[in-house]
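Chain A is the first sequence line, chain B the second, and so forth, proteins listed ahead of strands; every chain is numbered from 1. Please read these numbers as outputs of a predicted model, since none were measured by experiment.
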Amino acid sequence: MKDLELAVAQACKDLFQTERAVELTRPDEQFGDYMTNIALHLSKQLNTNPREVAQTIAEHVKGQVADIEEVSVAGPGFINFRLTDSALFKVAQSHPAQSLAGKTVVAEYSDPNPFKVLHAGHLYTTITGDAVAKLLENAGATVHRLNYGGDVGLHVGKTMWAIVQFLGGEHPEKLESVQSASRLEWLSERYVEGNTAYEDSETAKAEIVAVNKRAYELHAGNDHDSPFAQIYWTCRQWSYDGFDAFYEQLHINKFEKYVPESTVTQLGIDMVQKGLSEGVFEQSDGAIVFKGEPHGLHTRVFINSGGLPTYEAKDLGLAASKWQEYHFDLSVIITANDIVEYMKVVLKALEHFYPKVVSRSKHFTHGVIKLPGGVKMSSRKGNILRATDILQAAHEANRAASGQDNQQTVLAAVKYAFLKQRIGGDIIYDPAESVALEGNSGPYLQYAHARARSILAKTDFQDQSQEFDHLEAGERSLLRKIGEYAETVDKAVEELMPHHICTYLYELAQVFNRFYEHNRVLGDPRQELRLHLVSAYANTLEHGLELLNIPAPEHM
RNA sequence: GUGCCCGUAGCUCAGCUGGAUAGAGCGUUGGUUUGCGGUACCAAAGGUCGUAGGUUCAAAUCCUGUCGGGCACACCA
């Protein structure tokens with residue numbers, strides 16, 4: 001309702017000689033379709049009664065905008081506007097803004113490490129990142145989905161060490177005995193062994209550190225032939241294949257590519273060396289560190305005393321390589337929130353090299369997945385909750401609730417359960433609640449969609465132009481709610497918060513169910529108009545679910 | 001100890017660029033129902049928005065203190 005905003009702004013100018021941007025909000029339905037509190041702000045400045053100001057503006061605007069049926073003043077000085085039915089219909093037809101048209105965005109999320117297990121947090125980041133990327137895309141941006149992961153680093157040393165132990169030496173040919181379906185599982189078991197040995201045995205620890213170093217050397221020397229290298233490359237591929245299968249199962253958008261840490265390591269090292277000579281980094285106890293204290297941050301090691309780059313250095317390399325490849329307008333990074341402080345230090349160091357990259361980067365963080373009862377699902381050892389555990393719990397809950405195991409229902413349940421909450425805090429995931437067909441759940445929305453589709457399927461409904469006038473209350477409420485879709489998506493894009501869409505879709509479904517309960521569609525004299533409403537509703541719901549990458553089947 | 005994040009109904013969460021009686025789901029209690037998929041609808045009970053101050057015409061929302069919880073703070077990622 002740009003017209004209305006401008007008309008009100010013009011009124012303020014004409015009446016009070018004041019230039020002010022007017023923002024309309026959605027009041028409670030009983031008050032109207034749009035509202036502005038401009039009079040409350042003006043009254044302060046004019047030193048007059050806010051209701052009088054509101055009244056004056058209301059009188060002035062009345063009749064000036066064709067789409068407005070009624071202007072009223074209420075409360076301390078709110079001005080409420082009620083649209084004509086045909087204007088409401090126009091609003092319902094509007095599409096989300098293409099606010100990012102022509103922009104290039106790099107979205108990095110999921111980030112599982114090869115040689116390690118996919119845990120519950122990865123599942124959450126993956127689903128969230130996918131939804132955020134989709135939002136950006138829907139707003140017109142070209143999105144490059146990147147998946148970064150540690151194919152070098154201490155965890156690789158741990159796993160590789162345990163693999164060699166398991167194989168009884170560096171015998172790549174013995175890897176054939178591992179079943180292809182259980183490779184990811186097998187690797188994560190080796191990681192746990194390696195990690196345990198690292199903590200329990202000084203001898204093993206020294207060996208693991210040495211293995212870790214060999215993994216770096218293998219990349220530096222481009223070694224694909226030595227037995228050790230053969231084991232490494234084979235197992236790294238197993239990891240990526242396993243991740244691919246996992247993503248496929250989740251029905252998310254494909255990643256453009258994996259960015260293994262090893263490919264940005266040298267770049268990162270070079271940057272640190274350069275920064276060292278330029279005084280950005282300094283030597284300290286044999287390591288190269290960045291002092292964060294002058295910036296209110298803390299000191300972090302970028303290259304350790306063994307000469308190996310830490311995650312910090314590699315992250316510098318990653319940022320540089322993203323920039324060199326994409327020259328993005330925006331870089332979104334989604335991770336768990338335990339690294340917020342860490343990331344601030346890295347970005348502060350990066351500022352020295354690429355200030356523009358830092359200003360265009362947005363680090364998004366989310367919380368931890370917990371079970372009902374407050375049990376935390378994250379831990380160092382083998383008792384972590386894996387991504388597959390969550391999915392399995394959802395399948396079991398679905399089977400228990402419905403007697404059948406429907407992949408689409410489970411996907412909707414898990415995705416919606418994760419997405420409906422604002423990104424940031426911890427999530428308490430309740431499998432039973434997520435698959436329930438009652439309440440604020442993914443399956444509820446799927447059902448709400450299928451139900452509307454089934455009505456349409458019973459007729460030869462054609463989506464032709466239709467005059468929306470003299471709507472009854474229930475019809476009008478539904479149309480009004482449908483009209484909020486575009487602005488809801490805009491808000492979600494602006495904040496990069498998909499949960500706004502979830503909240504909206506659920507409210508939309510509730511409004512529809514209310515309408516459906518009290519208004520007959522088929523066989524009613526108002527059938528044609530109501531079919532249009534049902535169709536518009538189903539399309540909106542479907543589009544919203546599609547934005548969240550949640551399937552919206554016609555039948556359930 | 002220092003820094004960052006969080007604290008809204010019994011439970012799980014919206015609302016937080018300040019605005020009209022603080023919203024929803026689950027659970028609880030009570031209704032509707034031979035009707036397009038009742039997996040619904042209607043209604044009730046349930047909240048000093050951790051707490052104490054401050055700013056403001058107006059504070060769950062902004063500021064400060066305080067209590068409680070989480071995370072991070074040099075060679076892991």
Using only side-chain N and O atoms of A:Lys44, determine if any of them is under 4.0 Å from OP1 or OP2 of B:rC57. yes

So is A:Lys158 actually on top of A:Tyr198's ring, under 6.0 Å and inside 45° of the axis? yes

Assign the ring pair A:Tyr429 / A:Phe418 to parallel, tilted or perpendicular, where the plane angle (0 to 90°) is split at 30° and 60°. perpendicular

Below the 4.0 Å mark, does B:rG38 have OP1 or OP2 next to a side-chain nitrogen or oxygen of A:Arg451? yes

Please output the side-chain donor-acceptor pairs of residues 279-294 of chain A that fall under 3.5 Å, not counting sequence neighbours, one pair per line with the distance.
unit_1	atom_1	unit_2	atom_2	d
A:Glu293	OE1	A:Thr299	OG1	2.6
A:Glu293	OE2	A:Thr299	N	3.3
A:Glu293	OE2	A:Thr299	OG1	3.1

Pairs counted as Watson-Crick or G-U wobble with both distances under 3.5 Å: what dot-bracket string results for RNA chain B, using | for bases tied to another strand? ((((((((.[[[[.)...(...]]]].(((((.......))))).....[[[[[..)....]]]]])))))))....

Compare the minimum distances between each of B:rA72, B:rC75, B:rG15 and the side chain of A:Thr310, then state the nucleotide with the smallest one. B:rC75

Work out how far the P atom of B:rC67 is from that of B:rC26, and round it to whole angstrom. 39 Å

Does a side-chain N or O of A:Arg514 approach OP1 or OP2 of B:rC42 to a distance below 4.0 Å, or not? yes

What contact category does A:Ser284 fall into here, base, sugar-phosphate, or nothing, at under 4.0 angstrom with non-hydrogen atoms? base

Please find out if less than 6.0 Å separates the ring center of A:Tyr444 from that of A:Tyr506. yes

Distance to the ring centre below 6.0 angstrom and angle to the axis at most 45 degrees; does that hold for A:Arg26 and A:Tyr34? yes

In residues 341-348 of chain A, what residues come within less than 4.0 Å of RNA chain B, judged by heavy atoms? A:Glu341, A:Tyr342, A:Lys344

When the P atoms of B:rC13 and B:rA74 are compared, how many Å lie between them, rounded to an integer? 31 Å

5'-most by nearest nucleotide on RNA chain B - A:His518 or A:Asp426: A:Asp426

Please determine, for the side chain of A:Arg422, which listed nucleotide (B:rA14, B:rU12, B:rC73) has the closest atom? B:rA14

Whole-Å C1' distance, B:rA59 and B:rG70: 26 Å

The contact string for nucleotides 17-25 of chain B, one letter per nucleotide 5' to 3', using protein heavy atoms under 4.0 Å with B, S and - for base, sugar-phosphate only and none, comes out as --BBB--SS

Provide the distance between the two P atoms, one in B:rA45 and one in B:rC5, to the nearest whole Å. 38 Å

Taking the P atom of each, how far is B:rG27 from B:rC11, in whole Å? 16 Å

Pull out every residue in residues 527-538 of chain A that has a heavy atom closer than 4.0 Å to any atom of RNA chain B, ordered by number, or say none. none

Need to verify one output field. Residue with the more 5' nearest nucleotide on RNA chain B, A:Arg520 or A:Glu517? A:Arg520

Tell me whether the rings of A:Tyr240 and A:Phe243 are parallel (<30°), tilted (30 to 60°) or perpendicular (>60°). perpendicular

Check whether any side-chain heavy atom of A:Glu202 lies under 4.5 Å from a side-chain heavy atom of A:Glu207, and answer yes or no. no

Counting the atoms with a prime plus P, OP1 and OP2 as sugar-phosphate, which does A:Gly153 contact under 4.0 Å by heavy atoms, base, sugar-phosphate, or nothing? sugar-phosphate

Under 3.5 Å, is there a donor-acceptor pair between the side chain of A:Ser535 and the main chain of A:Leu531? no

Run the side-chain donor-acceptor check on residues 342-351 of chain A: report pairs under 3.5 Å with partners two or more places apart or on a different chain.
unit_1	atom_1	unit_2	atom_2	d
A:Tyr342	OH	A:Tyr311	O	3.4
A:Tyr342	OH	A:Asp315	OD2	2.8
A:Lys344	NZ	A:Glu341	OE2	3.2
A:Lys348	NZ	A:Glu351	OE1	3.2

Between B:rG38, B:rA74, B:rA77, which nucleotide gets closest to the side-chain atoms of A:Thr299? B:rA74

When you measure from the side-chain N and O atoms of A:Lys116 to the phosphate of B:rA77, is any distance below 4.0 Å, counting only OP1 and OP2? no

